[in-house]
Student: 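My structure is below; once you've seen it, I'll send some questions.
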Amino acid sequence: MERGTFKVKSGLAEMLKGGVIMDVTNAEQARIAEEAGAVAVMALERVPADIRAAGGVARMADPQKIKEIQAAVSIPVMAKVRIGHFVEAQILEALGVDYIDESEVLTPADPWHHIDKWRFRVPFVCGCRDLGEAARRLAEGAAMLRTKGEAGTGNVIEAVRHMRLINKQVREAQHMPEEELVEYAKELGAPLAVLQAIVEAGRLPVVNFAAGGIATPADAAMMMQLGADGVFVGSGIFKSSDPERRARAIVQAVTYYSDPQKLAEISAGLGEPMKGIAIEEIPQEQLLQTR
Amino acid sequence: MKVGVLALQGDFREHLRAVERLGAQGVEVRRPEDLKDVERLIIPGGESTAISLLLRESGLDRELRRLGRAGLPIFGTCAGLILLARELVTGRDGVEPLGLIDIAVRRNAYGRQIDSFEEDLEIAGLGALRAVFIRAPKIERLGPNVQALAYHDGVPVLAREGNILVSSFHPELTGNLSLHRYFLSLGAEREVR
């Protein structure tokens, strides 16, 4: 019996496809997410919009809170660790968390390195903005990816930017002769072996969700049409005026993403979405995606 | 042969790829009308709570119950097994099973993700198969007319009752087509709808 193999780690992400993973900060929100049809919940201390507003150092959630959320739902429970904070990851593994998000939404803990994810039995999901970042995270053992977007903004433009860029770079790499691929790997900062594997498969070798700024059913459906395998919704649900209805609507939009008629029905009468932020209004040093 | 794959959520593309590699035509099923002329149906792995909710909201639950009772061959893997079961021993958890195979099932019975595993199984009549178990459900009771086709640690993990086939593991993740081939051969003697 083999546990923690890459097949088993990436396999759970395969099961989440076509689904919505929702940020929750307590057991009550986790139950709302599960009842709305979330495929997993992300347990954290504050949603990204509140982290952005609060400033200071954002860390892994209190284990007590994670346990309460685990007890409240039967779907997978994910939780975030700071980039490079392998001890927070050890703690989450000990708690039996189903997936760890090594996330730029929290304050980075290591100025140089991400976590060596091969050393863990629990799988990791990591954010990426381009193919180079995606390839580096894969080399470190990530079993699932998500485009970063710009978390806590309710503004989908960065999620679109990252998804489109990765798609474009995969296409470009596929049409290159080997000698150009070596140079391209250097340019992207991508390990060549990972890049070659991506070219061979014609796609990223693991499931890739969209994240960071998705606030409406239309946002979610757009990311699906752009090729996302599913979506993460952070602040978009519990910062809206009617979280239950919005959560259900986004779940439906990810299933019926290519049916405009259905999307029109789903999108009607959901109340106020979260108030968004224009990316240009965010001071450069407060952008989360560059971490 | 037209094979429907329930595409509300989960790894439906892996099942579509498997049936297409066997020469069948795969069809994504999201609404009752997508079931037209479908001769086999697969319910994929995924989250049973989410799929169950979407089945009810789309009206596909009634349609699948009707077709399953009328003899349409249906294969459920992992979440699909949960959804086809008669009884859930862990309580409903928001999952309303279709009740098409007489088994009792416990969700997430093998533990959390860190307990997920893969192992070679011996399958009656089909030989060895690599099986991937992910937060897998456990069959805790088999009805008198249900036949177990494979075991892991003495627990049935592949079972069949007439036109309904279920596995607690994921044959669609391995590239081995023998179980899909076996499923497509089921009920060939009988006219559906």
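The shown structure was predicted, so the numbers you read here are calculated from the model rather than taken from an experiment. By convention in this document, chain letters (A, B, ...) are assigned in the order of the sequence lines, proteins followed by strands, and residues within each chain are numbered from 1.
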Student: Are there more than 12 heavy atoms of other residues, nucleotides or ligands under 6.0 Å from atom CD of A:E200?
Tutor: no
Student: Taking atom CZ of A:F238 as the centre, does the number of heavy atoms from other residues, nucleotides or ligands within less than 6.0 Å exceed 12?
Tutor: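 Check passes, neighbour count above 12.
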Student: Centre-to-centre under 6.0 Å for B:H15 and B:F183, is that the case here?
Tutor: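 When the ring centroids of B:H15 and B:F183 are compared, they turn out to be at least 6.0 Å apart.
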Student: If we only count heavy atoms from C-beta on, is the A:F6 to A:V206 side-chain gap below 4.5 Å?
Tutor: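 They are in side-chain contact.
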Student: Which bit of B:L53 comes within less than 4.5 Å of chain A, counting heavy atoms only: side chain, backbone, both or neither?
Tutor: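 Interface part for B:L53: side chain.
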Student: Under a 4.5 Å heavy-atom cut-off, does chain A meet the side chain of B:D153, its backbone, both or neither?
Tutor: neither
Student: To the nearest 0.5 Å, what is the distance between CD (B:E172) and OG1 (B:T77)?
Tutor: 4.0 Å
Student: What part of A:E2 gets within 4.5 angstrom of chain B, counting heavy atoms only: side chain, backbone, both, or neither?
Tutor: both
Student: List the atom of B:V105, the atom of B:A85, and the distance in Å for their closest heavy-atom pair.
Tutor: CG2-CB, 3.6 Å
Student: Under a 3.5 Å cutoff, is there a donor and acceptor pairing between the side chains of A:T255 and A:Q252?
Tutor: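 The answer is no; no qualifying pair exists.
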Student: Please list, in residue-number order, every residue in residues 65-79 of chain A that has a heavy atom less than 4.5 Å from any heavy atom of chain B; write 'none' if there are none.
Tutor: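 Residues of residues 65-79 of chain A touching chain B at under 4.5 Å: A:Q70, A:S74, A:I75, A:P76.
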Student: Side chains of B:Y182 and B:R160: closer than 4.5 Å at any heavy-atom pair?
Tutor: yes
Student: Chain B contacts: which residues in residues 8-18 of chain A have a non-hydrogen atom closer than 4.5 Å to it?
Tutor: A:V8, A:K9, A:G11, A:L12, A:E14, A:M15, A:L16, A:K17, A:G18
Student: For a quick check under 3.5 Å, do B:R181 and B:S185 share a side-chain donor-acceptor pair by atom type?
Tutor: no
Student: Considering only heavy atoms, give the residues of residues 125-141 of chain B separated from chain A by less than 4.5 Å, sorted numerically, with 'none' for an empty result.
Tutor: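 Listed by number: B:R130, B:V132, B:I134, B:R135.
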Student: One pair to check against salt bridge (Lys or Arg N to Asp or Glu O under 4.0 Å): A:K80 and A:D101. What are the steps and the verdict?
Tutor: CA-CA 5 Å; A:K80 288 181 192 287; A:D101 184 1; 2.9 Å; yes
Student: Sorted by first residue and then second, give each side chain to side chain donor-acceptor pair (under 3.5 Å) pair with at least one member in residues 256-267 of chain A; sequence neighbours left out.
Tutor: A:D259-B:R31
Student: For B:Q9, which atoms come within 4.5 Å of any heavy atom of chain A: side chain, backbone, both, or neither?
Tutor: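 Both parts, backbone and side chain.
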Student: Under a 4.5 Å heavy-atom cut-off, does chain B meet the side chain of A:A36, its backbone, both or neither?
Tutor: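 Backbone only.
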Student: Could you tell me which non-hydrogen atom of B:L6 sits nearest to which non-hydrogen atom of B:L41, and how far apart they are?
Tutor: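 Closest approach of B:L6 to B:L41, heavy atoms only: N-CD1, 4.4 Å.
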Student: Within the 3.5 Å criterion, strictly below it, is a donor on B:H152 or B:E119 matched to an acceptor on the partner's side chain?
Tutor: yes
